[in-house]
Number of protein chains: 2
Amino acid sequence: MTDALVDVLARRINHEKGDAGVVVVTSRRVARIYGRGFLDPLCRAIGAGKPLALPDGEDRKTWDSATRIFDKLLANRIDRRGWIVAVGGGVVTDMAGFAASVFKRGLQWAAVPTTLTGQVDAALGGKTAVDFGKGKNMVGTFWQPAFVCLAPAFLATLPDRELRCGLSEVVKTGVALSPRLLKRLEDCGEDILAKDHEKLCRIVAECAKLKLVIVAADPLDRGVRAVLNLGHTAGHAIEAAGGFQKWNHGEAVAMGLLVIASLAVECGKMKPEEKRRVYEIVERLGLAPRIRPGPEDAAPFLHLDKKSIGRRIQVIVPGPLGRTTVKTIEPGELLKEQYWSWS
Amino acid sequence: MTDALVDVLARRINHEKGDAGVVVVTSRRVARIYGRGFLDPLCRAIGAGKPLALPDGEDRKTWDSATRIFDKLLANRIDRRGWIVAVGGGVVTDMAGFAASVFKRGLQWAAVPTTLTGQVDAALGGKTAVDFGKGKNMVGTFWQPAFVCLAPAFLATLPDRELRCGLSEVVKTGVALSPRLLKRLEDCGEDILAKDHEKLCRIVAECAKLKLVIVAADPLDRGVRAVLNLGHTAGHAIEAAGGFQKWNHGEAVAMGLLVIASLAVECGKMKPEEKRRVYEIVERLGLAPRIRPGPEDAAPFLHLDKKSIGRRIQVIVPGPLGRTTVKTIEPGELLKEQYWSWS
């Protein structure tokens with residue numbers, strides 16, 4: 001990391017928070033890699049103590065982890081004007097944002113996403129959450145960060161599987177909103193997998209902008225923002241079916257995209273060749289692993305979806321590319337065997 | 001309870017929620033007393049299942065209790081359009097409101113406070129919370145109920161100690177905002193302790209209105225709403241010093257009012273005869289118990305106050321009656337021995 005990033009970020013934080021207290025929340029992985037080069041100088045520059053490094057892993061996005069943030073805030077005597085700066089992946093930004101939204105009924109916070117998923121999706125838009133019971137993100141708030149710092153330089157150390165996880169959200173955004181973004185991915189997907197910095201910057205900027213336009217139009221997710229859930233209905237069910245371990249969020253979303261693209265062709269929204277493009281980019285970039293679930297695996301988890309309306313579920317049906325339709329369906333309609341044959 | 005109340009309430013809930021799901025949250029005490037006469041017919045009329053009866057007690061206002069509400073919401077497959085109706089004291093409305101604010105990132109809710117504290121203070125204004133660590137209401141949100149149903153008929157069965165608890169908030173509101181309210185209490189305090197229905201209705205309506213004017217002007221508690229914290233800085237510390245058991249919230253607030261009235265005289269904001277009126281009404285109505293803490297008991301808990309600014313604390317200083325000033329002080333200024341001599 002360059003010192004320039006620390007400087008820019010510290011200046012912005014100090015300008016916004018004034019003399020209020022601040023706590024930096026991160027993950028163990030990020031602390032290990034970016035402790036000396038980034039977190040330590042940042043903390044010094046903004047007057048924060050040692051960062052709180054939470055254990056890694058999607059399964060740690062629990063209330064118990066959130067209480068570790070509360071303990072840290074209490075130990076540092078953070079008052080209501082205080083700040084949290086979250087540096088990490090979606091688990092860190094979701095939990096830190098949630099903690100910020102409820103501690104003393106609301107602190108300010110800023111997000112510095114260090115994963116591609118975070119930079120193009122998770123850290124943008126103010127959705128915060130912890131998991132509860134079998135339901136992902138079952139408990140949370142809408143609590144916008146004061147700002148989000150997008151620094152693709154962090155992606156240089158991101159494991160390939162995590163990079164692919166983020167690319168699933170880029171494919172989703174392209175299919176839902178922007179044929180141009182999808183085309184860009186088709187053109188330079190391999191460069192991005194090879195972590196070409198220029199091309200990463202470009203795709204992050206473009207994808208983040210698309211998401212933020214939607215969020216600004218519907219911050220509380222009561223209308224158009226639903227398009228961003230494309231692929232997530234089946235995706236969440238798949239993720240849950242794998243115990244949040246077998247498939248990560250991006251892999252589940254990639255498979256969810258394939259399922260819903262098949263449904264979209266079936267109901268005449270998408271042309272078969274459009275569906276083929278979606279399948280091709282997912283397979284070419286290796287976004288969905290070889291071992292995939294069947295509809296019977298996902299079925300028990302479909303009703304847990306937050307977007308469910310009574311016993312029916314609301315899905316975003318893509319097609320033509322760059323456009324979507326909202327549809328309320330019986331869970332069974334999403335579970336037809338042929339949509340889960342992955343071809 | 002009259003059937004009329006069930007009718008009015010059910011009609012309002014059904015009108016607002018449409019065909020969305022609803023869960024009724026209450027306390028064991030309320031369920032015992034008002035199960036057959038009120039909760040059962042209400043649940044039938046709004047299509048809710050059996051109410052969830054939470055254990056009583058201020059010390060049960062924890063995340064663990066909130067999870068029981070989440071479990072109930074999940075079991076009843078409540079979707080994002082769903083509702084919670086909270087019927088009970090401040091513990092129930094605080095927790096149910098908190099659960100409503102974070103479950104699936106926000107349900108609608110309505111409050112039916114059954115205690116005087118709830119009707120004149122706790123259930124009004126959208127502050128929701130659970131306790132965390134040693135700090136009261138340390139975790140919470142601002143989440144306004146769709147409506148609050150004020151039915152003083154519930155107060156007929158309220159234990160005297162609980163009634164007094166609510167009267168402390170009435171005294172606070174009078175001292176902070178309305179000499180007329182204070183006068184009313186001086187004129188008919190004994191009738192109210194004897195649960196004269198007419199007079200209870202009057203005082204509830206007057207006090208609730210005063211609070212709601214302030215809340216409407218400053219829903220997020222960033223300005224004028226601070227006046228409602230009169231007596232609460234020392235009050236919260238006293239409550240914590242007693243382990244949230246020795247003194248209930250109202251008793252702690254009553255003592256907090258005495259402490260701050262003494263400070264107000266010391267710094268020239270209140271006339272000695274005004275302070276005497278505050279002491280007299282608190283003693284006459286028996287709002288503060290005989291056994292009271294010293295400043296050394298409260299000291300360790302003062303910095304936990306949510307209104308603290310760094311190491312200094314913000315207090316509301318009353319005087320003249322009906323007016324207040326915000327002051328930022330060292331905790332030591334509130335801990336002077338003479339303010340805690342209770343005379």
Side-chain angles (χ1 to χ4, degrees), chain A residues 18-21 62-64 66-67 69-71 73-82 94 97-107 125-143 219-222 226 303-314, chain B residues 18-21 62-64 66-67 69-82 94 97-107 126-143 219-222 226 303-314:
Chain A
D19 64 346
T62 59
W63 173 259
D64 277 344
T67 64
I69 305 178
F70 301 147
D71 285 332
L73 293 165
L74 286 171
N76 287 31
R77 297 193 170 197
I78 298 298
D79 64 41
R80 295 158 103 194
R81 302 169 311 137
D94 272 15
F98 178 66
S101 72
V102 299
F103 187 76
K104 298 188 180 182
R105 297 201 186 92
L107 309 178
K127 281 192 183 178
T128 80
V130 294
D131 301 330
F132 179 78
K134 286 181 196 156
K136 207 175 132 53
N137 298 331
M138 200 46 76
V139 166
T141 51
F142 290 96
W143 197 249
L220 300 183
D221 200 10
R222 289 181 180 154
H303 72 274
L304 288 173
D305 195 86
K306 283 196 298 305
K307 268 72 65 185
S308 64
I309 306 285
R311 270 151 211 272
R312 307 189 63 168
I313 53 174
Q314 192 188 280
Chain B
D19 64 346
T62 60
W63 173 259
D64 277 344
T67 63
I69 305 178
F70 300 146
D71 285 332
K72 178 85 175 176
L73 293 165
L74 284 172
N76 288 32
R77 299 195 169 194
I78 298 299
D79 64 40
R80 297 158 103 195
R81 303 168 312 137
D94 273 14
F98 178 66
S101 72
V102 298
F103 187 77
K104 299 189 179 182
R105 299 203 183 92
L107 308 178
K127 281 193 185 179
T128 81
V130 295
D131 301 331
F132 179 78
K134 286 179 192 158
K136 206 173 131 55
N137 298 332
M138 199 47 75
V139 166
T141 50
F142 291 97
W143 197 249
L220 299 183
D221 200 10
R222 291 182 178 154
H303 73 272
L304 288 174
D305 195 86
K306 280 195 301 305
K307 266 74 65 186
S308 64
I309 306 283
R311 269 151 210 274
R312 308 189 63 173
I313 53 175
Q314 191 187 281

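Chain naming here is simple, since letters A, B, ... match the order of the sequence lines and numbering starts at 1 in each.
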Working note: T67(A) + W63(B), criterion side chain to side chain contact (heavy atoms under 4.5 Å, CB included); need CA distance, chi angles, decisive distance, verdict.
CA-CA 10 Å; T67(A) 64; W63(B) 173 259; over 6 Å; no

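- Electrostatic pairing of K127(B) and D221(B) counts as a salt bridge here, judged by a charged N lying under 4.0 Å from a carboxylate O.
- Neither the backbone nor the side chain of D19(B) comes within contact range of chain A; no heavy atoms are under 4.5 Å apart.
- Using a 4.5 Å cut-off between heavy atoms, T128(B) touches chain A through its backbone atoms (N, CA, C, O) alone.
- Between L73(A) atom CG and D79(A) atom CG the span is 10.5 Å, to the nearest 0.5 Å.
- The side chain to side chain contact (heavy atoms under 4.5 Å, CB included) test applied to N76(B) returns V23(B), K72(B), I78(B), not counting sequence neighbours.
- Put simply, of F132(B), W143(B), F142(B), the one with the most heavy-atom pairs under 4.5 Å next to chain A is F132(B).
- Heavy-atom distances place the backbone of S101(B), and not its side chain, under 4.5 Å from chain A.
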